[in-house]
Amino acid sequence: MSGSVRVRFAPSPTGHLHVGGARSALFNWLFARHHHGTYILRIEDTDRSRSTEEHTQALQEALLWLGLSWDEGPPTPGYRQTERLDIYREHAERLLAAGRAYRCRCTPETLEAQRREAEARKETFRYPGTCRNANVPASEPHALRLAIPHEGQIVIHDVVRGDVVVSHAELDDWILVRTDGTPTYNFCVVVDDVTMGITHVIRGNDHLSNTPKQLLCYEALGYPVPVFAHISMILAPDKTRLSKRHGATAVLAFRDLGFLPEAMVNYLARLGWSHGDQEIFTLDEMIEHFDLARVGAADAVFDREKLEWVNHQWIRRLPAERLARDLEPFLARAGLPPARDAAWLARVVESLRERARTLVEMAEQATFYFKAPAGYDPQATARFWKEHAKERYALLIKRLEAQEAMDPAALEGLYRFLAADLGLKLVDLAQLTRIALTGRTASPPIFEVVSILGRTETLARLKAAAAAAGSAR
RNA sequence: GGCCCCAUCGUCUAGAGGCCUAGGACACGGCCCUCUCAAGGCUGAAACACGGGUUCGAAUCCCGUUGGGGCCA
């Protein structure tokens with residue numbers, strides 16, 4: 001395979017891009033990049049009532065955030081179905097002229113009655129082909145139906161599922177164009193895919209059942225069929241369809257929850273795809289190793305815990321400067337004042353990255369760097385503010401005031417020396433300091449914290465704690 | 001309801017007939033490391049849905065059952 005590969009992601013702008021759609025986009029994108037092909041974004045907005053411009057924009061924003069940019073698509077005209085109505089009409093006319101489609105004047109009422117009769121007979125209703133040879137004149141209100149063969153079967157050659165065989169008898173003469181003149185979903189998809197030269201259709205397994213109908217349409221149009229790959233669905237932990245009821249499902253919601261695009265894409269790729277025992281992949285590594293033949297057929301459960309772990313891995317390996325930039329909106333949202341400067345914020349990030357699974361967590365954990373503790377954890381003070389607390393704080397203040405070097409190693413030396421001097425363990429002084437600086441008993445390494453906070457701020461907080469510890473007793 | 005798809009630890013997966021006393025990862029437990037929390041190292045518990053075949057031999061192939069999902073209605 002070479003540069004001739006053309007794939008597409010074709011979402012309907014009827015809602016936010018959810019994780020399932022994002023994974024379809026990702027697999028198409030990876031496949032295109034791996035084969036140096038073309039990745040197209042097509043907006044399937046024929047459902048005028050539910051499609052909105054807001055969703056169309058949000059969809060693109062989400063895709064771009066994930067890093068999945070498209071080679072062809074909006075804002076270039078011609079990639080929205082509503083801009084392609086002439087193309088559908090033209091193809092419908094061709095099918096009609098070729099005798100592969102016919103006008104049907106059956107009313108919804110008639111069809112509904114027939115459906116009920118079939119149901120009463122415990123049969124599955126299929127359009128009986130009433131108008132197939134009726135030569136309904138164009139002047140009458142009519143829908144357009146595809147004339148499909150009565151006998152035989154159709155087979156889908158699916159890269160992930162193998163051959164799927166469906167008997168023609170299971171299908172019926174489905175509607176290509178409704179009485180009101182609007183083309184149906186399945187018809188648009190086929191026309192779009194052929195006219196856009198799509199070579200591989202990679203989409204969710206929920207489309208597998210539509211594929212036989214579409215295949216018959218390709219055939220009627222006389223076009224070659226693309227290669228199909230129906231990838232598995234993403235399920236909720238209770239193995240039902242993923243929905244808002246299960247928490248966040250929209251890609252942009254995960255962004256706002258503090259997940260990184262690298263992590264999102266990495267996690268999504270590992271759902272149904274693997275490469276040995278490797279768990280963490282850069283986009284480049286995914287492009288290099290991605291292979292449709294190695295995509296699994298079984299549905300996958302979306303696991304927030306593992307996503308958080310992957311996110312943590314990315315928080316640990318991305319450059320601190322980059323994380324600092326991404327963190328800023330979360331700091332602002334937490335009501336914290338702006339950082340002194342980028343380099344300082346990078347140090348903050350550096351100290352926090354080992355323990356934050358999301359940027360929201362990181363912003364929360366960063367609070368004490370921006371403002372002195374509003375109070376002290378009662379459990380902490382009860383445990384550490386014993387009789388000697390005040391005098392130990394005083395000693396620490398005295399030593400720190402005399403301390404020149406404020407790098408973590410030097411500070412550790414100071415603390416160890418003082419602890420030995422007092423016959424204490426390092427932990428005793430460290431925890432007293434931690435409570436004073438952060439209000440809690442858990443934080444990044446305390447000498448890092450002191451170093452980042454600086455002498456002035458550290459001393460101020462130690463003095464405040466000394467006073468509080470004194471009055472607490 | 002009809003048709004289609006799927007089925008390895010709780011979850012994501014490796015496994016493409018003998019390499020399997022079924023491997024890795026998340027989560028969970030223990031130990032170690034340690035200024036706290038993390039991170040890390042070691043370690044433990046944890047799966048081939050069930051039943052028939054095929055084969056010298058099946059997690060791997062076939063059939064059925066069950067369960068889940070999807071499409072159409």
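Quick note: numbers below take in every heavy atom, side chains included, and nothing from hydrogens, waters or symmetry partners. In what follows, chains are A, B, ... by sequence order, proteins preceding strands, each numbered from 1.
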key: 5′-ward residue of the pair G296(A)/N205(A) relative to RNA chain B   = N205(A)
request  = On RNA chain B, reading 5' to 3', which nucleotide is the first and which the last to sit with an atom under 4.0 Å from a heavy atom of chain A, could you check?
outcome  = G2(B) to A73(B)
task = Please name all residues satisfying side-chain hydrogen bond (donor to acceptor under 3.5 Å, both in side chains) with T438(A), sequence neighbours left out, ordered by chain then number.
result = none
request  = Sort out the partner of A45(B) for me: Watson-Crick or G-U wobble, both distances under 3.5 Å, none otherwise.
outcome  = none
task = Could you tell me which nucleotide pairs with C19(B) by Watson-Crick or G-U wobble geometry, both distances under 3.5 Å, or answer none if nothing does?
result = none
request  = Go ahead and name the base partner of A7(B); Watson-Crick or wobble counts if both distances stay under 3.5 Å, otherwise write none.
outcome  = U66(B)
ask   = For C37(B), which nucleotide in any strand shown is its Watson-Crick or wobble partner with both distances under 3.5 Å?
value = none
Result block: side-chain N/O donor-acceptor pairs under 3.5 angstrom for residues 372-384 of chain A, not counting sequence neighbours:
residue	atom	partner	partner atom	Å
D377(A)	OD1	Q379(A)	N	3.2
T381(A)	OG1	P378(A)	O	2.9

inquiry  = Using Watson-Crick or G-U wobble geometry with both distances under 3.5 Å, which nucleotide pairs with C61(B)?
reply    = G53(B)
query = Backbone N or O of L208(A) within a donor-acceptor pair of the T211(A) side chain at under 3.5 Å?
reply = yes
task = Using side-chain hydrogen bond (donor to acceptor under 3.5 Å, both in side chains) as the criterion, list what pairs up with D299(A), not counting sequence neighbours.
result = none
Contacts table for residues 412-427 of chain A: side-chain donor-acceptor under 3.5 angstrom, sequence neighbours left out:
residue	atom	partner	partner atom	Å
E412(A)	OE2	R416(A)	NE	2.9
E412(A)	OE2	R416(A)	NH2	2.9
Y415(A)	OH	T433(A)	OG1	2.7
D421(A)	OD2	R399(A)	NH2	3.3

Would you give me the side-chain donor-acceptor pairs under 3.5 Å for residues 257-266 of chain A, sequence neighbours excluded?
residue	atom	partner	partner atom	Å
E262(A)	OE1	R322(A)	NH2	3.0
E262(A)	OE2	R322(A)	NH1	2.7
E262(A)	OE2	R322(A)	NH2	3.4
N266(A)	OD1	F281(A)	N	2.9
N266(A)	OD1	W314(A)	NE1	2.9
N266(A)	ND2	E279(A)	O	2.9

